[in-house]
S.K.: 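Take a look at the following structure, please.
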Amino acid sequence: MRYSQYYIPTLREIPAEAEIDSHKLMLRAGMIRKAAAGMYSFLPLAYRVLQKIRRVVEEEMDRAGGQQVLLPIVQPAEIWHQTGRWDVYGEEMFRLQDRHQRDFCLGPTHEEMITTLVKNEVRSYRELPLRLYQIQNKYRDEIRPRYGVMRAREFIMKDLYSFDRDEEGLNRSYEAMYEAYSRIFTRLGLKFRAVEADSGAIGGDVSHEFMVLAPSGESVILYCEQCDYAANNEKASAALPAKGEEAFLPCEEVHTPGQATVPEVTAYLGVEASQLIKTLFYQVGEELVAVLVRGDDELNDIKLGNLFNQPYRLAPPEEVAAQLDLPVGYVGPVGLRTKKVKIIADHRIKTMVNAVCGANRRDYHLRNVNLERDFTVDTFADLRLAKAGDPCPHCQQPLLETRGVEVGHIFKLGTKYSSALRAYFRDENGEEKPFIMGCYGIGISRIVAAAIEQNNDQDGIKWPVPIAPFQVLILPITSEQLATAEEIYRQLRAAGVEVLLDDREERAGVKFKDADLIGIPLRITVGPKGLAQGEVEVKVRLTGEEFRWPLADVTSQVLAYLAKNTPVVND
RNA sequence: CGGGGUGUGGCGCAGCUUGGCAGCGCGUCUGCUUUGGGAGCAGAAGGCCCUGGGUUCAAAUCCCAGCACCCCGACCA
């Protein structure tokens, strides 16, 4: 491709709206333009990247037994009513009506659509397993779209749905997808990690997210170097520390005037935050529930939500005072029974000896409080937010922390949608059974942004070879070298290399700046200095390495570099 | 939805306090000179100052209402 005939509207200045690197660079490199909040046009350079990602995804989906289909983006409300999600999905769904005032939505996801399709077509276990996927735009009216295409309201997604006859089949489908995803991100040349994830409202017991690692990522990942354990911080758990060995001391009340918060109490009494029991009250449905966590722990809202399994919120102090006559800041589990409040505690409470907690009396705390002797708990659960340094739940090694961008998520759905939509098949005994389903998503457009987050510097993007819009950029310093550059261009193209020839009548500086910005992996500079010795100057964008190659070797050297830097996954 | 901020040529911004010809830098176009990391000179084009209403002889500027966009939070397969 000739630069002069290709539309790459680079910007010198950073548009004010962009916050993170990938967003700034996609705008500056002329890849995207905004149409509305969370709605973007993809320009030629970005489209090439999308196509490359798409091709790898398609190859791996096909290899894993997937068959590509294309379902309607506009979906009738009826099927959403059947699963109850027309109401559940709420404001996040783009809705519209046709001329007959019939309700439709723009598909945020396609469980309803695909399940309806399969229900009407597949009758027998003999037709299973079935793995159908598509790549198309998805629509979610996010409350707050942000970071360019990272969290857009219209985005490109690959979604595959698996239909199996039993759990065993589902497990095979799930494993096939897990492997396919690992192959995809490896082949795309991205540093990634698969982590255990919370399956959230979509249900199911097992779920993994695929994270592209980047310090600016929105998700926090905890992982163990010793074993394979890795989870996002919504899901991560830690091994329990050993219970303290000390002898129980007699419980005593101490005066702590005006000391209501954890830092205040620890400072006033000269104890560690880990010796404190925090008591929080949540309004769950109609009742107030007491939740106990160690003073140095943070409550994990996702885990708490999964436990309650209904709407809940932190009860404001006034309500606690009004309903239970308790002074927030001086509340503790001892004697709480008399209030008929359900007490839920994080597992770590079990390991505490001679703890400190509120005395349920203003300006007083209790010392040397011990489980069983002084108070009891209704339910123990893992409720704390795991953090770096915690012991790994599998091997006790300290967990490490990193950040990532979620680019893929796989779920075991079970029969949630097939049951709701009455999608059944006949098994070998002639019995009607609901399909056992799984769903598996990849954010195609998000991968572009994630790849840039992972690979950029002050000067611009540094594309990994597999997803670069072009593999090689040829940069003649002046028009004097254009003929030589054209010749190299011709040879490389003949060898099947994707080349961008910067044939613009611009000064060298401008071309260098744009080259760095758009980040083509190999830059071949054709200038008088090199040509005097029959050589071109080569710079590797990713590493900054520089070489001199004799003119005659350019094609073979380029092919060797590309081969070496295109990850291959063996069958 | 709560809080904060911003809307002025394609991009980045000044002007608004104290009403009086709409400006600067970059980019774009033309010409000349230049040509190894965003060149110089000369000239030119390009504006519903977010929208609507109000105050005023006069509004980018003051007042009212609305809209859009960005950030923080809540929310979110």
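All chains are named by letter (A, B, ...) in the order of the sequence lines, taking the proteins before the strands, and each is independently numbered beginning at 1. The shown structure was predicted, so the numbers you read here are calculated from the model rather than taken from an experiment.
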S.K.: With a 3.5 Å cut-off and just heavy-atom distances, do the side chain of A/Glu13 and the base of B/G27 make a donor-acceptor pair?
M.R.: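 Side chain to base: no pair below 3.5 Å.
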S.K.: Between B/C70 and B/G31, how many Å separate the two C1' atoms, rounded to a whole number?
M.R.: 42 Å
S.K.: Return yes when atom CD of A/Gln68 has more than 12 non-hydrogen atoms of other residues, nucleotides or ligands closer than 6.0 Å, and no otherwise.
M.R.: yes
S.K.: With hydrogens left out and only the distance checked, is there a donor-acceptor pair under 3.5 Å joining A/Arg523's side chain and the base of B/G37?
M.R.: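 Present.
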S.K.: Taking a pair as Watson-Crick or G-U wobble with both distances under 3.5 Å, which nucleotide is matched to B/G2?
M.R.: B/C72
S.K.: Taking B/C69 as the reference, what is the distance to B/C50 when you measure between their P atoms (whole Å, please)?
M.R.: 16 Å
S.K.: Indicate every side-chain donor-acceptor pair of residues 479-486 of chain A with a distance under 3.5 Å to a residue at least two apart or in another chain.
M.R.:
| from | atom 1 | to | atom 2 | distance (Å) |
| --- | --- | --- | --- | --- |
| A/Gln481 | OE1 | A/Thr478 | N | 2.8 |
| A/Gln481 | OE1 | A/Thr478 | OG1 | 2.9 |
| A/Glu486 | OE1 | A/Arg2 | NH1 | 3.0 |
| A/Glu486 | OE1 | A/Arg2 | NH2 | 3.1 |
| A/Glu486 | OE2 | A/Arg2 | NH1 | 2.8 |

S.K.: Within the pair A/Arg144 and B/C76, is there a side-chain N or O less than 4.0 Å away from OP1 or OP2?
M.R.: no
S.K.: Sequence neighbours excluded, which residues qualify as ring pair (Phe, Tyr, Trp, His ring centres under 6.0 Å) partners of A/Tyr489?
M.R.: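 None.
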S.K.: With A/Asp228, which residues qualify under side-chain hydrogen bond (donor to acceptor under 3.5 Å, both in side chains), at least two apart?
M.R.: none
S.K.: Can you give one letter per nucleotide of nucleotides 38-47 of chain B, 5' to 3': B if a protein heavy atom sits under 4.0 Å from the base, S if only from the sugar-phosphate, - if neither?
M.R.: BB--------
S.K.: Mind calculating the distance between CG (A/Leu43) and P (B/G10) to the nearest angstrom?
M.R.: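 About 17 Å, once rounded to whole Å.
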S.K.: When the C1' atoms of B/C29 and B/G9 are considered, how many whole Å apart are they?
M.R.: 14 Å
S.K.: Going by the rule side-chain hydrogen bond (donor to acceptor under 3.5 Å, both in side chains), which residues pair with A/Arg12 if we only count those two or more places apart in sequence or in a different chain?
M.R.: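 Per chain and number, A/Arg12 pairs via side-chain hydrogen bond (donor to acceptor under 3.5 Å, both in side chains) with no residue.
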S.K.: Work out how far the P atom of B/G23 is from that of B/A39, and round it to whole angstrom.
M.R.: 28 Å
S.K.: Among all residues two or more places apart in sequence or in another chain, which pass the salt bridge (Lys or Arg N to Asp or Glu O under 4.0 Å) test with A/Lys529?
M.R.: none
S.K.: With a 3.5 angstrom cut-off on both distances, give the Watson-Crick or G-U wobble partner of B/G10, or none if there isn't one.
M.R.: B/C26
S.K.: Find the partner of B/U61: check Watson-Crick (N1-N3 plus N6-O4 or O6-N4) and G-U wobble (N1-O2, O6-N3) distances, both under 3.5 Å, and reply none if neither fits.
M.R.: none
S.K.: Rounding to an integer number of angstrom, what distance separates B/A68 and B/G25 when you compare their P atoms?
M.R.: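 Looking at atom P only, B/A68 and B/G25 are 35 Å apart.
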S.K.: Tell me the partner of B/A39, counting only Watson-Crick (N1-N3 plus N6-O4 or O6-N4) or G-U wobble (N1-O2 and O6-N3) with both under 3.5 Å; none if nothing fits.
M.R.: B/U33
S.K.: Within a reach of under 6.0 Å around CD of A/Glu78, are more than 12 heavy atoms found that belong to other residues, nucleotides or ligands?
M.R.: no
S.K.: Is there a donor on the side chain of A/Arg151 or the base of B/C76 sitting less than 3.5 Å from an acceptor on the other?
M.R.: yes
